[in-house]
Amino acid sequence: MDSLLLYLKVFLVGGLLCAIGEALILKTKLSPARILVLYIVAGVILSFAGLYKPLVSFAAAGATVPLTGFGHALAQGTMQAVEEKGWIGIFTGGLSATAGGIAAAVFFGLITAMCFKPKPKDY
Amino acid sequence: MDKNKPYSVKQAYQELVHRFTPRSRLAQGCLRAFWVGGCICLIGQSVTDLSHLFLDLNSSEAQTFGSVFLVFVTALLTGIGVFDRIARYAGAGTVVPITGFANAMVSPAMEFRSEGWVLGTGAKLFTIAGPVLAYGISTSVFLGILYYFFRW
Amino acid sequence: MKSVRIGKQTIRFLEKPVILSSAAIVGPKEGRGPLAKGFDRIMENAENGQNSYELAEHKMILEACHKCLEKADVQPETVQAFLGGDLLNQIISTSLSAREMKIPFLGLYGACSTMAESLLIGSILCDGGYAQPVLCTAGSHYCTAERQFRYPLEYGNQRTPAAQWTVTGAGACLLGNKHNGLACITHGTMGRVIDLGITDANNMGAAMAPAAADTLSEFFCDTGKTAQDFDHIFTGDLGMIGSSLLKELMKQKGFDLPDDTYQDCGMLIFDEKDDIHAGASGCGCSASVLSAHILPRLHSGEWKRVLFMATGALMSTTSSQQGESIPGIAHAILLEHIRKEDHA
């Protein structure tokens with residue numbers, strides 16, 4: 001029952017973050033690229049302020065899968081590394097914590113480019 | 001030419017254009033983004049939970065595995081030309097999750113292959129995702145410096 | 001002087017240059033539209049047998065040129081001038097075609113207004129006796145325009161309701177001073193760049209409508225004609241929003257533009273409504289509609305007099321990113337049916 005409740009929270013929080021993004025795109029004419037930048041920066045700031053962690057404990061993937069979660073991982077990695085390694089952690093912490101997603105995107109991007117050609121739709 | 005026109009002509013035209021341009025449907029767009037985005041997060045959560053249970057990963061590794069899985073599926077769907085159809089329906093529902101980040105890297109990598117592997121695919125991989133990394137990382141470094149001195 | 005300038009912006013052609021032949025090659029999506037029967041060839045796919053979409057566009061333009069010359073039974077060596085352009089940087093698709101045609105070449109950039117621009121300049125060359133026959137072309141390709149002006153094809157992005165769909169198509173017309181052909185060109189109006197401050201690159205109809213209204217009203221003033229004098233008035237690719245804006249702007253200027261006379265090429269070429277949004281665009285749009293839809297009807301005499309006004313949004317990605325508004329342009333040419341008795 002608990003996990004069912006968690007899944008409900010994942011769906012609601014994740015969906016809500018996306019719906020806010022859609023409203024921003026439609027209302028402010030921000031391009032999707034700007035939305036991505038806005039979300040990641042917002043995630044970093046909220047996480048440093050200690051406001052994002054409660055959302056992650058509440059909704060798990062609902063808060064970590066959206067790009068704000070990516071920012072949160074950057075921030076948490078930096079803070080943790082600063083605690084453990086001192087000032088050098090300022091530079092190493094963020095990317096270490098997010099290496100998985102970035103490396104995957106770069107690698108799969110190259111592989112996909114090798115295997116597929118872009119196609120126009122409705123052709 | 002337009003410099004000689006009084007400002008009010010431009011303003012009047014802007015209002016006219018506003019009147020003639022159909023609105024995007026806000027409620028419909030948000031609803032679609034909501035349910036598709038929610039489902040993507042659900043998939044992320046299930047993969048995280050499953051890998052935690054069956055692949056013997058600790059919770060932070062399992063979370064990374066969930067992200068990598070979503071990135072992989074996005075790359076595949078982008079490659080076979082399905083992702084942009086889903087995105088056309090869902091809008092921010094696919095942009096905001098990590099799928100949007102992955103698609104933003106994979107699609108220009110494919111598109112600019114005709115300009116070569118280095119300056120085409122390799123460089124253009126970061127056309128849309130580059131700013132995301134630039135501002136995300138810089139913000140975290142900047143706040144990291146503050147954190148180093150003040151440790152709140 | 002043979003050509004007579006009338007009014008501020010209009011030229012009257014005394015020799016009435018004739019469109020000897022025309023050809024249009026389009027993509028598969030256009031080939032499923034209502035004008036399918038008029039096209040000379042419909043490509044099986046967007047690649048057109050090439051490795052890149054840029055080359056596909058180049059081959060499409062080249063094929064339209066060859067087809068047009070073939071229909072007029074004219075050898076490329078005898079053509080004295082080649083005028084044309086496309087939407088790509090440095091009009092590369094057309095330049096590559098000119099490389100193979102080996103005809104003296106003047107490259108034009110008028111964005112989507114290129115077909116009217118090339119016919120206008122071509123008519124001037126013919127009428128003045130400077131060159132004839134003259135080959136006039138314009139072409140665009142959805143895949144090359146998307147990547148240059150917008151996003152990669154596989155990028156997940158929602159199109160706004162005002163967005164237009166770039167036509168994959170190329171049109172070519174051969175102009176000469178003979179007496180029989182598809183139609184003759186009697187007047188041409190060179191447009192001014194008009195910019196009323198539209199910055200939204202996804203609403204090009206709105207950016208171009210003021211230029212269309214300006215050229216059209218100048219044409220009416222210069223020639224003393226009204227919409228009633230025409231079977232049809234065609235704009236290039238204003239789309240749904242742009243054409244209703246044009247009607248409104250013309251009304252404000254005191255000119256009536258009846259619905260049964262006024263049509264937009266951008267709303268004729270596709271019938272699949274989803275994903276097209278506000279209509280078609282691209283210089284291949286007006287070029288292929290001219291060849292497939294307008295010229296055959298002028299030839300048969302179904303229409304006697306048509307005004308063809310192609311519109312262009314002259315923005316670059318750089319100027320757009322720098323926040324500059326979109327300069328609009330429109331050029332018009334008056335096309336007339338050639339009566340049988342004139343043949344002699």
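Below, read A as the first sequence line, B as the second, and so on, with proteins coming before strands; counting in each chain starts at 1. These numbers were taken from a predicted model, which means no experiment stands behind them.
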_Heavy-atom proximity to chain B below 4.5 Å, by part of V13(A)_ = neither

*Of the backbone (N, CA, C, O) and the side chain (C-beta and beyond), which part of I45(A) lies under 4.5 Å from a heavy atom of chain B, both, or neither?*
both

*asked:* So which residue, T64(B), L133(B), V68(B), L146(B), ends up with the most heavy-atom pairs under 4.5 Å with chain A?
replied: V68(B)

*asked:* Heavy-atom cut-off 4.5 Å, strictly under: side chain, backbone, both or neither for T112(A) against chain B?
replied: both

*Any sub-3.5 Å donor-acceptor pair from R151(B)'s side-chain atoms to F149(B)'s backbone N or O?*
no

*Give, as side chain, backbone, both or neither, the part of L67(A) having an atom under 4.5 angstrom from any heavy atom of chain B.*
both

*Between W35(B) and Y89(B), what is the ring plane arrangement, given parallel below 30°, perpendicular above 60°, and tilted in between?*
perpendicular

*Can a donor-acceptor pair be found between the side chains of Y148(B) and E83(A) at a distance below 3.5 Å?*
no

*Parallel under 30°, tilted from 30 to 60°, perpendicular over 60°: which one fits the rings of H72(A) and Y52(A)?*
tilted

*Side chain, backbone, both or neither: which part of A27(B) has a non-hydrogen atom closer than 4.5 Å to chain A?*
neither

*Region of L95(A) in contact with chain B, defined by heavy-atom distances below 4.5 Å*: side chain

*Between E22(A) and A92(B), is there a donor-acceptor pair closer than 3.5 Å when you use the side chain of the first and the backbone of the second?*
yes

_Which portion of F70(A) sits near chain B, non-hydrogen atoms under 4.5 angstrom_ = side chain

*Considering only heavy atoms and a distance below 4.5 Å, find which of T99(B), L70(B), D84(B) pairs most often with chain A.*
D84(B)

*Could you look at R32(B) and say if it's the side chain, the backbone, both or neither that has a heavy atom under 4.5 Å from chain A?*
neither

*Look at the side chain of T121(B) and the backbone N and O of V118(B), then say whether any donor-acceptor pair between them is shorter than 3.5 Å.*
no

*For chain A, which of G44(B), G66(B), G81(B) has the most heavy-atom pairs under 4.5 Å?*
G81(B)

_Can you tell me which portion of Y39(A) sits under 4.5 Å from chain B's heavy atoms? Options are side chain, backbone, both or neither._
side chain

*Among the options G15(A), G71(A), A61(A), pick out the one with the most heavy-atom pairs lying under 4.5 Å from chain B.*
G15(A)

*For T21(B) and H18(B), indicate whether the former's side chain and the latter's backbone hold a donor-acceptor pair under 3.5 Å.*
no

*asked:* Which one wins on heavy-atom pair count under 4.5 Å against chain B: L16(A), L17(A), I25(A), V106(A)?
replied: V106(A)

*For the side chain of T127(B) and the backbone of K124(B), is there at least one donor-acceptor N/O pair under 3.5 Å apart?*
yes

*Answer with side chain, backbone, both or neither: which region of L36(A) has an atom nearer than 4.5 Å to a non-hydrogen atom of chain B?*
both

*asked:* If we ignore hydrogens and angles and just use 3.5 Å, is the side chain of W152(B) paired with the main-chain N or O of F48(A) as donor and acceptor?
replied: yes

*Can you tell me how far the CD1 atom of I90(A) sits from the OG1 atom of T78(A), to the nearest 0.5 Å?*
9.0 Å

*Against chain A, label F112(B) side chain, backbone, both or neither, depending on which of its atoms sit under 4.5 Å from a heavy atom there.*
neither

_Counting heavy-atom pairs under 4.5 Å with chain B, which one of M114(A), R34(A), M79(A), K119(A) comes out on top?_
M79(A)

_Between N103(B) and T78(B), does the side chain to side chain donor-acceptor pair (under 3.5 Å) criterion hold? Intermediate values first, please._
CA-CA 7 Å; N103(B) 172 252; T78(B) 305; 3.2 Å; yes

_Please check: side-chain N/O of S138(B) versus main-chain N/O of Y135(B), any donor-acceptor pairing under 3.5 Å?_
no

*Selection from F107(A), F91(A), W87(A) maximising heavy-atom pairs under 4.5 Å formed with chain B*: W87(A)

*Pick whichever of V47(B), I43(B), L125(B), I128(B) has the most heavy-atom pairs under 4.5 Å with chain A.*
L125(B)

*Given K53(A) and Q76(A), is the side-chain contact (heavy atoms from CB on, under 4.5 Å) satisfied, shown in steps?*
CA-CA 9 Å; K53(A) 214 171 192 172; Q76(A) 289 305 307; 3.5 Å; yes

*Could you tell me which of A109(B), G79(B), C39(B), P131(B) has the largest number of non-hydrogen atom pairs under 4.5 Å with chain A?*
G79(B)

*What residue in G122(B), G100(B), S46(B) has the most heavy-atom pairs under 4.5 Å with chain A?*
S46(B)

